Structures are given as C-alpha cells and as structure tokens.
Visitor: 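Next up is a structure, given as structure tokens.
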2 protein chains.
Amino acid sequence: MARPREFEMESAMEGAMTIFWRQGFRATNLPELLDAMGLTRGSFYKAFEDKESVYLGALDRYDEIVITQTLEKLQGSDAPTASACLEQIFLPSATSKCGCFICNAMVELGPDNPKVAAKTKAMAARLKSGIVRVLEHHGIGETPQRRDELGDVVLHLYFGHQAVGKSGAADKDWGATLKRILGESD
Amino acid sequence: MARPREFEMESAMEGAMTIFWRQGFRATNLPELLDAMGLTRGSFYKAFEDKESVYLGALDRYDEIVITQTLEKLQGSDAPTASACLEQIFLPSATSKCGCFICNAMVELGPDNPKVAAKTKAMAARLKSGIVRVLEHHGIGETPQRRDELGDVVLHLYFGHQAVGKSGAADKDWGATLKRILGESD
DNA sequence: TGTGTTAGGAACTAATCGGTTCCGAACTAT
DNA sequence: ATAGTTCGGAACCGATTAGTTCCTAACACA
C-alpha cells in the first residue's frame, strides 16, 4: 500500500552478477555496482543489506542462471560421445575473460568468507554431478566410484582452464584430451 | 657513500610474497604489507616505486623460491612412478589455504594487468615444463606431443585443485587418479 | 673530525571507500 | 480527494586508501 519500486529486482541482480563475475568483489566499488544494477544508493540500501549480501545473491543468480543453463546444455546435448558433450564447457566461446564465477569466488574470498566457501562448494558439487550424469549417459566408467573420480578430473580441469584463461592463455583444444582421459580412444 | 639501509631486501621481498600470496593484491593494504615486510612507509617508498611494483617483485620471488623448489623436488624425487612423483604437488601439506600464487594472481589480476598476465603465463609454462620432464624421465607418453598434452592436464588439474582448496574442499587423493590418467595401471 | 648523503619514521594529504540521513515526489488504499 | 507509506536521489559521514613531505639521526667518505 505504498509506492512500488521502479527497478526490476531480477535484472538488477543479473547486473550485479555480471559485474561481480567479471571484476570480483573487492575490485567492484559501489558506484560501479550501482551502475551495473541500474539503481542509486538510496534504492540500493533500501532493497539490500550491503555489498556483501548482494555478492552472495549474485552467486545464487549465477547458480540459477549460468550453472543451470550449463547443466541443461550438457543434459540436452546430442553429442555422440561424452568428450564431445563435455568439450562444450571448455570452448573459448564459453570461456571469455571473466572466467568461472565459482572459481573466481573460491580464489578471492574462499579462505576468508565461510558463506562464500559453502556456497561455491555446493555450486561446484552441482556442476560435478552434471558432469557425472553425462558420463553415466554415455556409459563411461565401470563403477560409480570411477565415474565420480572422472567427474572430479573434468571439474578440476575446468576450473584450472578457467583460471588460466583469465590471463589470456592460448585456446587449447580440450576435445582430444578429454577423449583420451575418458578412454574413448587410443 | 651514505647511510646504508637497515632492512634486508631479500627478507622484505619474501614477506611481501607471503602476504600477497595469502591475501591477494587488493585485500592487502599498505599497513599489512609494511608489517609483513618489516619496514615503515618511509623506507618502503624510498626503496620501491609503489604497491604494484612490489607485487610484481613478489611474483618474481615466488618464481625464484617456491616454483624453483617445486621443480627441484620433482626432479630430485626418487619416486618409482611419475604419478607418485607428481602426487607431491597435490598433497594437502603442499597446498594450504593460500592456494597457488600463480593461480591466485591469474584470477585476481590477469584480465586487468598485462604485466601480471605475462608473468603468470611464463611461470605456468616453467611449472609445466618441469611436469613434462617428470613424464619423460619415467617414460610416460609415446610422443613429445602426447607428453605435452599430459603436462597440460596435470598443470590444469593442479590449478583447479589449488583453487578449490581455497574454499577448504575435501582432501581428495589425487595419487590414484594421476596413476590412471598417466596410464600407469588399469 | 667534519661534510654530504640517505635511511627511517611521524605527520600529513587528497581521494575514495562503504554506508547513512533526510527530504520531496510518487504511488496505493481508503 | 486525501492520508499514509515508501521509493529514488542528493548530500553527507567517518574511516580508510595509497602515496607524499619533511625532519632527524645515522652512516660513509675524505
């Protein structure tokens, strides 16, 4: 029964996600964050607690949007092999200079912020389970333990790839490598 | 022909390396940096240009000290297999909460600071060549291309492992996994 | 021993940080 | 229409940021 807010909560959170993803927490100051979210200080502190809580919310949005899309892409893929399917998440087009928000958050705030540490661990686990599901679907790995192990390998390879990509490393072709690691050839 | 400096340049740079390694560039403010280096503002700005140049110097020290030690450990190891040798750099004792300074720097400053990007890429290349040498020594990989590829796998696995470790992930045993990836069994 | 140079440290500076306060305008509900 | 509520925005706040200035004391060299 009062004046309704003028900004869209969802698009504001997506703006926050984008800027925190690209720049990190500390490197993003309030004016930049406000600009990315499309609102002013007043509206910001009316609607949110502080910068950190928005960062945590941005991680949630990343989980809901980017990770979910990634899982759907993996699950819905009609690639003939597991490596061809998983290769998608290693493609330069899917990588950019922003890296992976999960990995970025782990590195920047993991040791100091328990909430970030817990959230990123959960998100990584979700991503891993999606990878393992791909392996199952293509009949890779004899046992659940083996599939879990290969899932860890692909996940950690992915994080390493994203981290290195932030320094603009060469676009390595991971397709053939994944193929060998998963034992699809050779 | 004047008063000599009282502090040890080497120990000061090691202090800088330690704090930047643990906390990153932005999260380390000047008082903390000065404390870690054991000197005051006056001495600091007499001897160094600014915070960034000390950070770059800290990366160099990391290359000279930590990476060199790592390469020596890998080269001087009498482990019976390549996986047993390489497993050393994945051990929890070698991991800590600081992660890998190379990986941390890539993630925090890689996209924004060309000097950091170039330095970290060179350091990563040095580390990778050490890994490849281990593979050669143990006769892993049929061709140089194949060894190079496996070196990339181990390197990226290492970075991913270090990144995840900063959020306090479980201490996965990489020994058995490395063994399988390198084709030493199964 | 005297002179020139520089290290070390305290005090200072301008800019920026995240966060708060306050007020007018806009909207809902009656 | 009007009363009540809350949004959006400008101005403001103390704390903290990296970096500078200046003075004193310590040292090397002649």
Side-chain angles (χ1 to χ4, degrees), chain A residues 1-61 104-105 108-109 112-116, chain B residues 1-61 104-105 108-109 112-116:
Chain A
M1 55 171 173
R3 181 178 171 185
R5 65 164 55 102
E6 290 176 10
F7 69 91
E8 299 283 338
M9 178 62 84
E10 293 200 354
S11 71
M13 285 308 300
E14 283 183 34
M17 179 191 80
T18 302
I19 193 102
F20 278 136
W21 181 6
R22 183 167 57 226
Q23 305 191 348
F25 180 74
R26 275 179 233 265
T28 303
N29 60 22
L30 218 35
E32 285 175 314
L33 178 59
L34 296 174
D35 188 57
M37 298 178 76
L39 40 83
T40 62
R41 266 182 152 76
S43 316
F44 180 88
Y45 282 103
K46 284 270 160 51
F48 307 100
E49 191 183 343
D50 55 13
K51 190 184 167 191
E52 185 194 321
S53 74
V54 173
Y55 182 84
L56 292 169
L59 276 176
D60 287 334
R61 291 301 292 169
N104 298 352
E108 184 185 3
L109 299 172
D112 306 317
N113 191 319
K115 291 180 189 172
V116 171
Chain B
M1 56 172 174
R3 180 178 172 186
R5 66 164 52 103
E6 292 175 9
F7 69 91
E8 299 283 340
M9 178 62 84
E10 293 200 355
S11 71
M13 284 308 300
E14 284 184 34
M17 177 192 82
T18 302
I19 193 101
F20 278 136
W21 181 5
R22 182 168 56 225
Q23 304 192 347
F25 180 74
R26 276 179 232 265
T28 302
N29 59 23
L30 218 37
E32 285 175 314
L33 178 58
L34 297 174
D35 189 57
M37 298 178 77
L39 40 82
T40 62
R41 266 180 152 78
S43 317
F44 180 88
Y45 281 103
K46 284 269 160 52
F48 307 100
E49 192 183 343
D50 56 12
K51 190 184 166 189
E52 184 193 323
S53 73
V54 173
Y55 182 85
L56 292 169
L59 276 176
D60 287 333
R61 292 300 293 168
N104 297 353
E108 185 185 3
L109 300 172
D112 307 316
N113 190 319
K115 291 181 189 172
V116 171

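All chains are named by letter (A, B, ...) in the order of the sequence lines, taking the proteins before the strands, and each is independently numbered beginning at 1. Only a predicted model underlies this, so the values are computations on that prediction, with no experimental measurement involved.
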Visitor: Are the side chains of B:D112 and A:Q23 in contact, using a 4.5 Å heavy-atom criterion?
Guide: no

Visitor: Give the minimum heavy-atom separation between B:L39 and B:S43, together with the two atoms involved.
Guide: CB-CB, 4.2 Å

Visitor: Please work out which residues in residues 10-20 of chain A have a non-hydrogen atom less than 4.0 Å from an atom of DNA chain D and list them by number.
Guide: none

Visitor: Is there a side-chain contact between B:Y45 and the phosphate of D:dT20, meaning an N or O under 4.0 Å from OP1 or OP2?
Guide: no

Visitor: Distance from A:T28 atom OG1 to A:L34 atom CG, nearest 0.5 Å?
Guide: 11.5 Å

Visitor: Hey, is CD on B:E32 packed in by over 12 heavy atoms from elsewhere, all under 6.0 Å?
Guide: yes

Visitor: Before giving the answer on side-chain contact (heavy atoms from CB on, under 4.5 Å), spell out for A:R26 and B:E108 the whole-Å C-alpha distance, their side-chain angles and the decisive distance to 0.1 Å.
Guide: CA-CA 10 Å; A:R26 275 179 233 265; B:E108 185 185 3; over 6 Å; no

Visitor: Which of residues 47-56 of chain B sit near DNA chain D, with a heavy atom under 4.0 Å from it?
Guide: B:D50, B:K51

Visitor: Whole-Å distance between C:dG18 P and B:R26 CZ?
Guide: 12 Å

Visitor: Check whether any side-chain heavy atom of A:F20 lies under 4.5 Å from a side-chain heavy atom of A:N104, and answer yes or no.
Guide: no

Visitor: Go through it in stages, so that I can follow the logic: the residues are B:Y45 and B:L30, the test is side-chain contact (heavy atoms from CB on, under 4.5 Å), and I'd like the CA-CA distance, side-chain angles, deciding distance and then a yes or no.
Guide: CA-CA 11 Å; B:Y45 281 103; B:L30 218 37; 3.2 Å; yes

Visitor: Tell me the interatomic distance from A:E8, atom CD, to D:dC7, atom C1', rounded to whole angstroms.
Guide: 15 Å

Visitor: Provide a list of protein-nucleic acid N or O atom pairs under 3.5 angstrom, restricted to nucleotides 9-16 of chain C.
Guide:
residue: C:dG9; atom: OP2; partner: B:T40; partner atom: OG1; Å: 3.4

Visitor: Round to a whole Å and report the spacing from CZ of B:F44 to P of D:dT20.
Guide: 11 Å

Visitor: How would you list, by chain and number, every residue that makes a side-chain contact (heavy atoms from CB on, under 4.5 Å) with B:T18, sequence neighbours excluded?
Guide: B:R22

Visitor: Check the pair B:R61 / B:E10 against side-chain contact (heavy atoms from CB on, under 4.5 Å), numbers first and verdict last.
Guide: CA-CA 9 Å; B:R61 292 300 293 168; B:E10 293 200 355; 4.2 Å; yes

Visitor: Just wondering, do A:V116 and A:Y55 contact through their side chains at under 4.5 Å, heavy atoms?
Guide: yes

Visitor: Who passes ring-ring contact (aromatic ring centres under 6.0 Å, His included) against A:F44, sequence neighbours left out?
Guide: A:F48

Visitor: Is A:D60 close to A:M13 at the side-chain level, that is, under 4.5 Å between some pair of heavy atoms?
Guide: no

Visitor: At how many degrees, to 10°, do the end axes of the helix from C:dT1-D:dA30 to C:dT30-D:dA1 meet when each uses five pairs?
Guide: 20°

Visitor: For B:M37 and C:dG8, give me the distance from atom CE to atom P, rounded to whole Å.
Guide: 12 Å

Visitor: Do A:F25 and A:K51 come within less than 4.5 Å of each other through their side chains, counting heavy atoms only?
Guide: yes

